[in-house]
Engineer: 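Below: one structure in structure tokens.
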Amino acid sequence: MNKTFEQDIKKGLSSSPKYIPSQYFYDETGDQLFQQIMKLEEYYLPRIELEIIGSCSHEIFQALAFDAIDIIELGAGDGSKTLKLLKNLKSKGLNFRYIPLDISSNVLEINQSAIQNHLPDVDILPIAGDYMKTFSELSRQKNPKLVMFLGSNLGNFTPDKALGFIKHLYQHMNGSDALLMGIDLKKNPQMIAAAYNDSQQITRMFNLNLLGRINRELGADFKLNRFDHYPFYDPIKGSAFSYLVSLETQKVKLADGTCFYFEKNELIHTEVSYKYSLKEIEKMGMKAGFLKVRHFTDPQEYFTLSLFQNE
Ligand code: AVJ
């Protein structure tokens, strides 16, 4: 794990333009900062997703063909949002097993105890590791399933990769299985720009924490105040891009002696967060092979829970 981190960081910081893969936001500090981001007024995504879960659980329940299914959640995190959906499905009498997959075993322990506290009758089988690998293995079991990818995590892929990802899921699903994804929608660009540049500067700390993490894990000597947070939403591409900007010409050294040079105003690319329209989501679903896509949105159409099925 640490070895790949080191290799990825060295590769990204010696590329031109420089980048840091966004999966590395989520160390312990990053997890905590992201929890704070999710509580921000400006970061509307989780709040609206939860609101939609509250209003569409019955329709999701009705769309599921079987009364005993595996609910597999990719990148499940702490399960706080999923809990509401599971509660609703349980109260309608759905019989299911919950299988949360995540790279972090820490977060899966939190997930498991939260679900067990509130839903003691539900069978829960958390699996830590690369969720795509685990998913491929699980898909060999023929149990009917609902696959979930919530929290707008799809946005961290470029549209090409997002389509490839959905195709991959489709190929590992059976005819009656369903896929439910939480996706942030295109909207007034001001609202999206504000979500990635909050007035309390939590997102700034979240972005700069990448450098803090390199200091902690690779013994680097980044001075965080010599870098700026530059988030930028491009409404044509439909993506919120995040960068770090070097405020001066500087050299940074890792514990093993490796040096990286930054020009004044040089950028490090750290994240993409693509937004879609409902039409684009339908097209993606069809291209991946699905026959039906249904959207559950809030009244303003800020966010969607989209259900992909074949029958
Ligand atoms: C966890 C990937 C959904 O892209 O909105 C929040 C991460 N980055 N603020 C997103 C994030 C900056 C978030 N996702």
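Both counts, for ligands and for their atoms, begin at 1 and track the order of listing. These figures come from a predicted structure and were not determined experimentally.
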Engineer: Of all the non-hydrogen atoms in the protein, which one sits nearest to atom 11 (C) of ligand 1, and at what distance?
Structural biologist: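 Ranked first by proximity to atom 11 (C) of ligand 1 is Glu271 OE2, 3.6 Å.
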Engineer: Does Ser273, backbone or side chain, put an N or O under 3.5 Å from an N or O of ligand 1?
Structural biologist: yes
Engineer: Give the residue and atom name of whichever protein heavy atom lies nearest to atom 3 (C) of ligand 1, and the separation in Å to one decimal.
Structural biologist: Gly151 O, 3.0 Å
Engineer: Just wondering, do Leu154 and Met284 contact through their side chains at under 4.5 Å, heavy atoms?
Structural biologist: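 Side-chain contact under 4.5 Å: yes.
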Engineer: Answer yes if the side chains of Lys186 and Tyr302 hold a donor-acceptor pair under 3.5 Å, and no otherwise.
Structural biologist: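 Distance-only check fails for Lys186 and Tyr302.
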Engineer: Taking only non-hydrogen atoms of Tyr274, do any sit less than 4.0 angstrom from ligand 1?
Structural biologist: no
Engineer: Taking the side chain as every heavy atom from C-beta outward, state whether Asp298 and Phe303 have any atom pair closer than 4.5 Å.
Structural biologist: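 Heavy-atom side-chain distance check passes, below 4.5 Å.
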Engineer: Which residue and non-hydrogen atom of the protein lie closest to atom 2 (C) of ligand 1, and at what distance in Å?
Structural biologist: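 So the nearest neighbour among protein heavy atoms is Asn156 OD1, 3.1 Å.
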Engineer: I need the atoms of ligand 1 closer than 4.0 Å to a non-hydrogen atom of Ser152, numbered in the order shown.
Structural biologist: 3 (C)
Engineer: Judging by distance only, is a nitrogen or oxygen of Tyr43 under 3.5 angstrom from one on ligand 1?
Structural biologist: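 Between Tyr43 and ligand 1, an N or O pair is found under 3.5 Å apart.
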Engineer: Does either side chain, that of Ser57 or that of Asn88, offer a donor lying less than 3.5 Å from an acceptor on the other one?
Structural biologist: yes
Engineer: Could you list all the salt bridge (charged side-chain N to carboxylate O under 4.0 Å, His left out) pairs where at least one residue sits in residues 89-110, not counting sequence neighbours?
Structural biologist: Asp70-Arg97
Engineer: Quick one: does Leu180's side chain get under 4.5 Å of Val147's, heavy atoms only?
Structural biologist: no
Engineer: Considering residues at least two apart in sequence or located in another chain, which fulfil the ring-ring contact (aromatic ring centres under 6.0 Å, His included) criterion with Tyr170?
Structural biologist: Phe290
Engineer: Can you list the atoms of ligand 1 that are under 4.0 Å from a heavy atom of Tyr26?
Structural biologist: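 Answer for ligand 1: 1 (C), 7 (C).
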Engineer: Based purely on interatomic distance, does Tyr196 place a nitrogen or oxygen under 3.5 Å from a nitrogen or oxygen of ligand 1?
Structural biologist: yes
Engineer: Numbering the atoms of ligand 1 from 1, which are under 4.0 Å from a heavy atom of Phe206?
Structural biologist: 8 (N), 12 (C)
